[in-house]
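Some notes on the structure that comes next.
Computed from heavy atoms alone, side chains included, the values below leave out hydrogens, waters and symmetry copies. Quick note on labels: first sequence line is chain A, next is B, and so on, each numbered from 1.
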There are 2 protein chains.
Amino acid sequence: MTFGKYIREHREVLKAEDRRFSVRQVAQRIGVEPAYLSKIERGDVAPPSEAKIRALAGELNEDVDVLLAMAGKVSSDLQEIIRKRPQLFADLIRQLKSMQDHAILRIARDVRDGDW
Amino acid sequence: MTFGKYIREHREVLKAEDRRFSVRQVAQRIGVEPAYLSKIERGDVAPPSEAKIRALAGELNEDVDVLLAMAGKVSSDLQEIIRKRPQLFADLIRQLKSMQDHAILRIARDVRDGDW
DNA sequence: TGTCATGTGTACTATATAGTACACGCTATG
DNA sequence: CATAGCGTGTACTATATAGTACACATGACA
């Protein structure tokens, strides 16, 4: 699934219930030209900037990190966290590459619960 | 410490022992114009692309992730790992943001040793 | 003392990124 | 049945990124 198709599908679902989710109105709310959003949804141009993707995620009630990933990007706040301690995070992330989801989830949970 | 100054300092150390570490010769080995490397080291232009930074890291025997971080970048292989499972990694990394180094190191070690 | 390598200033350049502006034809509806 | 809103085609544009090309003055050294 491409970024554009995903956005179009999810916007269309909302539009069926509420006509404020037309290309034109969503475009206006996220601060771009309607023609540009149309082209994005059809894959005619590359996905927009992180800022516009964030606005779109808010508008369509989607997960920002997932949308950014589909756009081939990684959230700038995550990049900043990594850049502050590059060796530590680089090592850990490469270790986790081959781990299954549940193991990663468990680590996140243990960290959150203060089991460290 | 900026990217450029760091490179210059470390290259100068090597140059003191081995004149093959002049701006011109290093530039040639990493595949850029000498004037460009000179400008990079003096901060006259932005740091180079990830590919050139990797070549420079190899040449100067420096950690790629550290150099990329100083250049304001995150290794593309790490970005790809995150993009494949954005929610999982985004959550975990944000959890780890406030953790001390030793805790993150310990997680990496436990994962490596298969304690999961 | 000549020449060779060195570092750097100046001027360009190609490509990618991130959009805008406007006009057009369609269609739904009040 | 007019008109308001809709999606989209075409043509531009500004800024950033990632460098190249060449000339010049300097300093080492054989």
Side-chain angles (χ1 to χ4, degrees), chain A residues 2-57 59-60 64 67-68 70-76 79 83, chain B residues 2-57 59-60 64 67-68 70-76 79 83:
Chain A
T2 66
F3 178 83
K5 285 191 179 179
Y6 184 89
I7 294 296
R8 170 138 299 189
E9 275 185 20
H10 286 251
R11 186 186 53 73
E12 292 288 351
V13 168
L14 295 173
K15 189 191 169 192
E17 302 276 281
D18 184 341
R19 68 194 193 292
R20 295 200 332 273
F21 288 92
S22 67
V23 167
R24 288 181 107 95
Q25 294 196 42
V26 170
Q28 191 184 15
R29 289 200 297 279
I30 68 167
V32 300
E33 289 292 313
Y36 184 44
L37 179 55
S38 171
K39 278 177 279 195
I40 289 166
E41 289 191 349
R42 287 170 296 125
D44 197 6
V45 299
S49 65
E50 177 168 342
K52 301 303 182 187
I53 291 174
R54 287 187 181 282
L56 211 37
E59 211 44 62
L60 305 184
V64 173
L67 288 191
L68 286 170
M70 283 197 282
K73 300 177 198 274
V74 169
S75 177
S76 52
Q79 300 208 36
R83 283 200 309 265
Chain B
T2 67
F3 178 82
K5 285 190 180 180
Y6 184 89
I7 295 296
R8 169 138 301 187
E9 274 185 20
H10 286 250
R11 187 187 52 73
E12 292 289 352
V13 168
L14 296 173
K15 189 190 170 193
E17 303 277 281
D18 185 342
R19 67 194 195 292
R20 296 200 332 274
F21 288 93
S22 68
V23 166
R24 289 181 106 96
Q25 294 196 42
V26 170
Q28 191 184 14
R29 289 199 297 278
I30 69 168
V32 299
E33 289 292 312
Y36 184 44
L37 179 55
S38 171
K39 278 178 278 196
I40 289 166
E41 290 191 349
R42 287 170 296 126
D44 199 5
V45 299
S49 65
E50 178 168 342
K52 301 302 182 188
I53 291 173
R54 287 187 180 282
L56 212 37
E59 212 41 64
L60 304 185
V64 173
L67 287 192
L68 286 171
M70 283 196 282
K73 300 175 197 274
V74 169
S75 178
S76 52
Q79 300 209 36
R83 284 200 308 265

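At least one side-chain heavy atom of B/S75 sits less than 4.5 Å from a side-chain heavy atom of B/R54. Two residues are said to be in side-chain contact when any heavy atoms from C-beta on lie closer than 4.5 Å; B/P48 and B/V32 fail this criterion.
With hydrogens and angles ignored, the 3.5 Å screen pairs no side-chain donor or acceptor of A/R8 with any backbone N or O of A/G4.
Which of D/dA18, D/dG9, C/dG19 sits closest to the side chain of A/S49 comes down to C/dG19. Listed nucleotides: C/dT8, C/dT20, C/dT6. Nearest to the side chain of B/R42: C/dT8. Listed nucleotides: C/dT20, C/dT10, C/dT8. Nearest to the side chain of B/R8: C/dT8. You'll find that the side chain of A/S22 is closest to D/dC6, out of D/dC6, C/dG19, D/dT20. Nearest nucleotide to the B/R24 side chain, out of C/dT20, C/dG7, D/dT20: C/dG7. Out of C/dG19, D/dA18, D/dT20, the shortest distance to the side chain of A/P48 is found at C/dG19. Out of C/dT20, D/dC22, D/dT20, the shortest distance to the side chain of B/A35 is found at D/dC22. Relative to the side chain of B/K15, the nucleotides C/dT6, D/dT20, C/dT8 differ in distance, and C/dT6 lies closest. Distance from the side chain of B/S38 is smallest for C/dG7 among the nucleotides C/dG9, C/dG7, D/dT20.
Checking the phosphate oxygens (OP1, OP2) of D/dG5, no side-chain nitrogen or oxygen of A/Q25 falls inside 4.0 Å.
Residue A/K52 places no side-chain atom within donor-acceptor reach of the base of C/dT20, judged by atom type and a 3.5 Å distance cut-off alone.
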Discussion item. The test is side-chain contact (heavy atoms from CB on, under 4.5 Å); show your working for A/Q25 and A/F21 and say whether it passes.
Written reply: CA-CA 6 Å; A/Q25 294 196 42; A/F21 288 92; over 6 Å; no
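Regarding A/L68, its CG atom lies at a distance of 12 Å from the P atom of C/dA18, rounded to whole Å. Residue A/R19 contributes atom CZ, which lies 12 Å from atom C1' of C/dG30 at whole-angstrom precision.
Comparing B/K39 and B/F21 against DNA chain C, the residue whose closest nucleotide sits nearer the 5' end is B/F21.
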